[in-house]
Every structure is written in C-alpha cells, then in structure tokens.
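Step one of this worksheet: look at the structure below.
All values below were derived from every heavy atom in this structure, side-chain atoms included, with hydrogens, water molecules and symmetry-related copies excluded. Note that the structure is a prediction, hence the values are computed from the model and not measured. Just so you know, residue 1 is the first one in the sequence shown, and it goes up from there.
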Amino acid sequence: MFRVTVEPAVFLYCASYVVQLSVLQDFIFMKLCREHYSQEVCVGRWKEDSVIDVAWVENKAVNYVMWLSVITSILSVIMAQFFGVALDRYSPKVVMTAPFMGFLAQHLVCVVVAALPSLPLAVMYVGATLNGISGGYPLFKSAVSSYVVRTASPEERTFRLSMVEGTVFLGGAVGPFTLKQVVTSTTTGHDYLFLGSEMSLAVALLYIVFILPDSHSTSQENAELPPEHSGTALCTQVKTVLQNFSGSVSTVLRHRPAGKRTSVLLLILADFFIAIVYSAEFDLLYMYMHNYLGFTLGQYSLYLVIKNLVNGISLLGVLPLLRLVFDISDASLGILGGTSRVVAFTMLALNTSHTLTYIVPFLDVFGQYLFVVLRSSLCGLVKREEQGRVLTVLSSLAQMSMLVGSLLFDNVYPALVLLAHPGIHFPRGRHHHGHRNYDIHMHPLLSGKRRYL
C-alpha cells in the first residue's frame with residue numbers, strides 16, 4: 001500500500017543534487033576559462049584555437065571535480081560509520097537531518113565563491129569538507145532506506161524501496177528541467193542558481209523536522225550495540241568512538257546461519273562494482289556530451305529530464321505492475337536491470353549522433369531495479385535492529401566505489417580525449433571529432449551573452 005513518508009524530502013534533495021552537480025561543473029569550467037583566456041576567446045573564438053588549449057581547460061576542470069569528489073567521498077564514508085550506529089540506536093528521522101545540513105553548507109560555499117569572483121576555486125574544497133563531515137550522500141541513502149524498511153512489512157519492502165527510488169529519479173528529472181527553463185529564459189547567474197538549489201534543500205529539511213512522522217528507535221531491541229558511556233575520561237571516550245566506528249563493519253561480518261553472511265557480503269560486493277560505473281556518469285558525462293556530441297547545458301538538462309523521468313516512471317509504475325501481474329521475483333528483476341544497464345551504456349559509448357543519444361534513457365529503463373533488489377534482499381538477510389548499520393556499509397562502499405571510479409576515469413579521460421576515444425568510459429567505443437565540438441560558446445551558460453550570465 002502506497003503512503004507518503006520520506007518521498008517529498010527525497011524528491012527535493014535529489015532535484016537539488018542534480019542541479020548543483022550540473023551548475024558546479026559549468027561554473028568551474030567557465031571560471032577557469034575566464035581566468036586563463038581573454039573574454040573574446042571564451043565567448044566565440046574557440047573554433048580558431050588549437051585542440052590542446054581547449055583540452056587543457058577541460059582537463060583542469062575535470063581535476064577540480066575529481067578532488068571535490070575525493071574529499072567528499074572519503075570524509076562521508078568515515079563519518080557514515082558513526083551515523084550508522086546512530087540509525088539503529090535512535091530514530092532515522094533525527095539522523096536524516098545531518099546530510100541535508102551538510103549539503104546546505106556546501107551550497108552556501110558555492111554561492112559565496114560564485115558571487116565573489118576574486119575567491120579562488122580552491123575554496124570549494126571547504127564546502128566539500130562540510131558535506132563529507134555530515135555523512136553526505138551515503139548517509140542520505142542509508143537513512144532514507146533505514147526509515148523505509150523500518151516502517152514497512154517484509155512483503156512491502158521491495159515495493160516501498162521502489163517508490164522511494166522512483167522519487168529519487170523524479171527529483172532528478174524535475175531538477176534539470178527547471179534548470180533548463182531558468183537558463184534559457186532568464187539572466188540568472190551561477191550564484192543565484194546555487195541559491196535556488198539551496199532553497200530546495202531548506203524546504204526538505206523543514207519537512208523532515210516538522211512534518212515527517214517519527215519512527216521508533218531499536219536501541220532497546222539490540223543489546224549488541226556499542227554501549228554509551230557517561231564517564232568523561234579520555235580513554236572511555238576514545239573507546240566509545242572506536243566502538244561506534246567499528247559497529248557497522250562488525251555487524252556485516254558477524255557470523256550468520258545457513259550461509260547468510262556469505263550472501264550479505266556478496267550482495268554488498270555486487271553493489272560496489274555496479275556503482276563504479278556511475279562515477280563516469282556523475283563526473284564526466286556533461287563534459288563528454290558537450291564537447292563530443294554537441295550538447296549545450298539546456299540540451300544536457302533535457303537529457304537528464306528524460307533519463308530520470310523514464311527511471312522514475314519505471315520504478316513507480318512498471319516494477320509494481322510486474323510484481324502484481326507476473327509475480328516476478330527479485331532475482332528476475334535484478335537480471336532485467338543488469339541487462340538494461342549494459343545495453344544502455346554500450347549504446348552511449350558507440351553512438352556519435354546527437355539525436356540518437358536520447359534513445360539511451362529508454363534502453364536503461366530497467367537499470368535501477370538492480371539497486372532496489374540489492375537493498376531489499378540485504379535487509380531480508382539481517383535482523384531489523386541491524387538494518388541501519390548494514391545499509392550504511394552498503395552506501396559507504398558504494399560511495400567508495402564511485403571514488404575509485406572517479407580516480408580511474410578522471411585520470412584516464414584526459415588521455416582518451418587526446419586520443420579521440422573518450423567514449424570508452426561508457427563502457428567501450430570509438431568517437432571521432434566529427435564537427436569538432438570543442439567550441440565552448442555552444443554552451444548556454446558558457447556563452448558571453450548577458451541573458452545567461
């Protein structure tokens with residue numbers, strides 16, 4: 001049975017997440033251009049410049065994006081382990097506020113850097129640090145999932161997780177759609193775009209605090225949680241910190257009957273490798289599609305709208321329908337999702353046509369079933385009072401896999417640019433220069449027209 005709980009907050013967070021990611025890449029790219037080249041070169045003379053000059057700006061922007069990802073990923077993975085214990089000890093609603101506040105802080109830093117041109121891009125690292133300390137995206141995913149599975153019956157679990165995951169993609173569709181409308185019809189600059197995204201997060205945080213129903217703590221049910229200490233001795237405090245940090249990991253590694261521990265570890269490992277592919281999408285897809293397929297920011301936003309809308313509808317409508325009509329199992333859903341992902345990424349890698357790129361989201365229509373099935377199956381293998389910590393480990397390793405992917409793809413991508421094979425990241429393929437889409441002026445937010453900046 002469908003009921004609204006965390007969905008509005010998830011929707012607003014994910015809309016803000018996609019907008020911030022797109023605007024951030026665009027802002028870094030444009031700021032570097034104007035710092036190292038004249039205004040005339042930035043607005044309309046790239047076609048006369050050499051490929052090496054354009055590649056240098058692109059590579060520098062990729063480097064900044066990479067290190068922002070590294071800082072946020074490492075800190076969020078570490079901090080999420082502490083919050084993971086809190087998810088099982090306290091209400092997930094309380095813990096859920098942390099990643100929202102951290103992301104708000106990062107937005108504020110982005111607004112300041114965009115509004116004050118004299119500030120260096122390195123200040124962005126402060127925002128990434130604040131976001132990471134709050135637990136970041138790993139804690140967001142684990143807190144939301146923990147809340148859902150705690151308030152759903154085992155029979156409802158896959159359906160409820162599918163609803164929430166569908167909301168993730170609906171937010172991911174509305175965010176870039178709104179961004180597209182703003183950048184094509186107003187004179188809004190990067191600072192106001194960051195501010196608008198931040199307002200979305202603020203509304204989500206208010207919803208969690210004042211409207212979202214609370215869920216019961218499981219602290220009384222779980223005697224194996226690291227105990228809290230009232231003492232103030234330094235050794236006691238250090239011991240408590242270490243116990244909290246290791247609590248999530250030890251829960252995953254705990255012996256379970258009937259081979260359940262092996263199943264838990266295999267599911268987490270599968271999620272780790274699946275998530276590596278996403279790093280290429282998050283870090284490089286915008287620059288790849290802009291420079292090699294001729295996408296402007298508005299067109300890229302439209303692509304994200306289609307992609308996320310298709311995934312959202314699939315999770316909210318198609319998956320429940322498959323379960324209802326065909327009684328399809330979780331394993332079959334996972335196989336269907338994996339096949340869909342492979343076909344979609346192969347198409348993206350091999351395609352050289354701007355128009356045909358819009359087919360990719362429809363090939364990936366079942367791709368997100370993988371993650372829903374993984375989380376649902378994992379929660380079914382552990383005790384209710386362990387779900388928060390296990391989901392935290394799952395989300396943290398997924399974040400680490402994206403970090404590994406970022407380091408891999410962001411360092412290999414510049415070399416592939418010079419070799420004219422950037423499409424290998426998705427996951428294999430060849431691309432030619434074609435129309436030589438190195439001209440930054442094609443990009444709406446990168447153009448010199450005052451209507452955009």
Side-chain angles (χ1 to χ4, degrees), residues 1-7 10-11 14 141-142 144-173 215 256-275 277-278 306-346 360-388 390-391 394-395 398:
M1 179 179 178
F2 179 74
R3 57 182 181 276
V4 176
T5 54
V6 296
E7 285 82 3
V10 171
F11 174 85
C14 293
K141 290 290 288 187
S142 58
V144 168
S145 298
S146 179
Y147 182 96
V148 170
V149 299
R150 185 176 293 186
T151 57
S153 65
E155 295 77 18
E156 295 180 309
R157 187 183 299 129
T158 299
F159 171 75
R160 290 288 294 124
L161 287 173
S162 176
M163 294 297 101
V164 174
E165 197 71 16
T167 308
V168 168
F169 286 95
L170 287 183
S215 62
R256 303 177 191 277
K260 288 186 177 181
R261 178 171 64 177
T262 302
S263 298
V264 168
L265 294 175
L266 287 176
L267 286 172
I268 293 176
L269 188 63
D271 185 81
F272 177 86
F273 285 108
I274 294 170
V277 181
Y278 271 78
I306 295 173
K307 176 182 183 297
N308 291 318
L309 189 60
V310 167
N311 282 323
I313 293 174
S314 177
L315 288 163
L316 290 170
V318 178
L319 187 149
L321 188 63
L322 290 174
R323 295 295 293 267
L324 178 65
V325 176
F326 300 103
D327 194 25
I328 189 170
S329 66
D330 284 353
S332 298
L333 289 172
I335 294 172
L336 183 62
T339 303
S340 182
R341 290 251 79 190
V342 171
V343 172
F345 272 92
T346 303
V360 173
F362 296 95
L363 297 177
D364 193 31
V365 61
F366 305 115
Q368 302 305 317
Y369 291 4
L370 275 171
F371 298 96
V372 173
V373 168
L374 280 170
R375 284 199 297 275
S376 178
S377 300
L378 191 61
C379 290
L381 293 172
V382 301
K383 298 177 182 178
R384 180 174 180 269
E385 60 270 19
E386 297 175 331
Q387 290 170 347
V390 172
L391 287 169
L394 181 72
S395 299

For residues 258-272, please give each side-chain donor-acceptor pair under 3.5 Å, one per line with the distance, not counting sequence neighbours.
from	atom 1	to	atom 2	distance (Å)
Arg261	NH1	Leu253	O	3.0
Ser263	OG	Gly259	O	3.3

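- Under the 3.5 Å distance criterion, the side-chain polar atoms of Glu7 are left unmatched by any main-chain donor or acceptor of Val4.
- Remark: Leu370 pairs with Ile274, Arg341 by the side-chain contact (heavy atoms from CB on, under 4.5 Å) rule, at least two apart or across chains.
- No donor-acceptor pair under 3.5 Å is formed between the side chain of Ser377 and the backbone N or O of Leu374.
- Val372 and Ser162 get closest at one heavy-atom pair: CG1-N, 3.9 Å.
- To the nearest 0.5 Å, the span separating CZ on Arg323 from CZ on Phe159 amounts to 10.5 Å.
- Applying the side chain to side chain donor-acceptor pair (under 3.5 Å) test to Ser329 and every residue at least two apart in sequence or in another chain returns Ser332.
- Of the inter-residue distances, the one linking Cys14 atom SG with Lys141 atom NZ reads 7.0 Å to the nearest 0.5 angstrom.
- The minimum heavy-atom distance between Val149 and Cys379, with the atom names listed, is CG1-SG, 3.7 Å.
- Closest of all the heavy-atom pairs between Leu316 and Gly166 is CG-CA, 4.0 Å.
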Between Val360 and Lys307, is the side-chain contact (heavy atoms from CB on, under 4.5 Å) condition met? List the steps.
CA-CA 8 Å; Val360 173; Lys307 176 182 183 297; over 6 Å; no
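- In this structure Gln387 satisfies the side chain to side chain donor-acceptor pair (under 3.5 Å) test with no other residue, sequence neighbours excluded.
- In plain terms, the two heavy atoms of Leu319 and Leu315 that are nearest each other are CB-O, 4.0 Å.
- When all heavy atoms of Thr167 and Met163 are compared, the pair lying nearest together is OG1-O, 2.8 Å.
- Checked against side-chain contact (heavy atoms from CB on, under 4.5 Å), Phe366 has the following partners two or more places apart in sequence or in another chain: Ser314, Val318, Leu336, Ser340, Tyr369.
- Atom CG of residue Leu309 and atom CD1 of residue Ile306 lie 8.5 Å apart, to the nearest 0.5 angstrom.
- A side-chain donor-acceptor contact under 3.5 Å links Thr5 and Arg160.
- A search for side chain to side chain donor-acceptor pair (under 3.5 Å) contacts involving Ser376 returns Thr158, not counting sequence neighbours.
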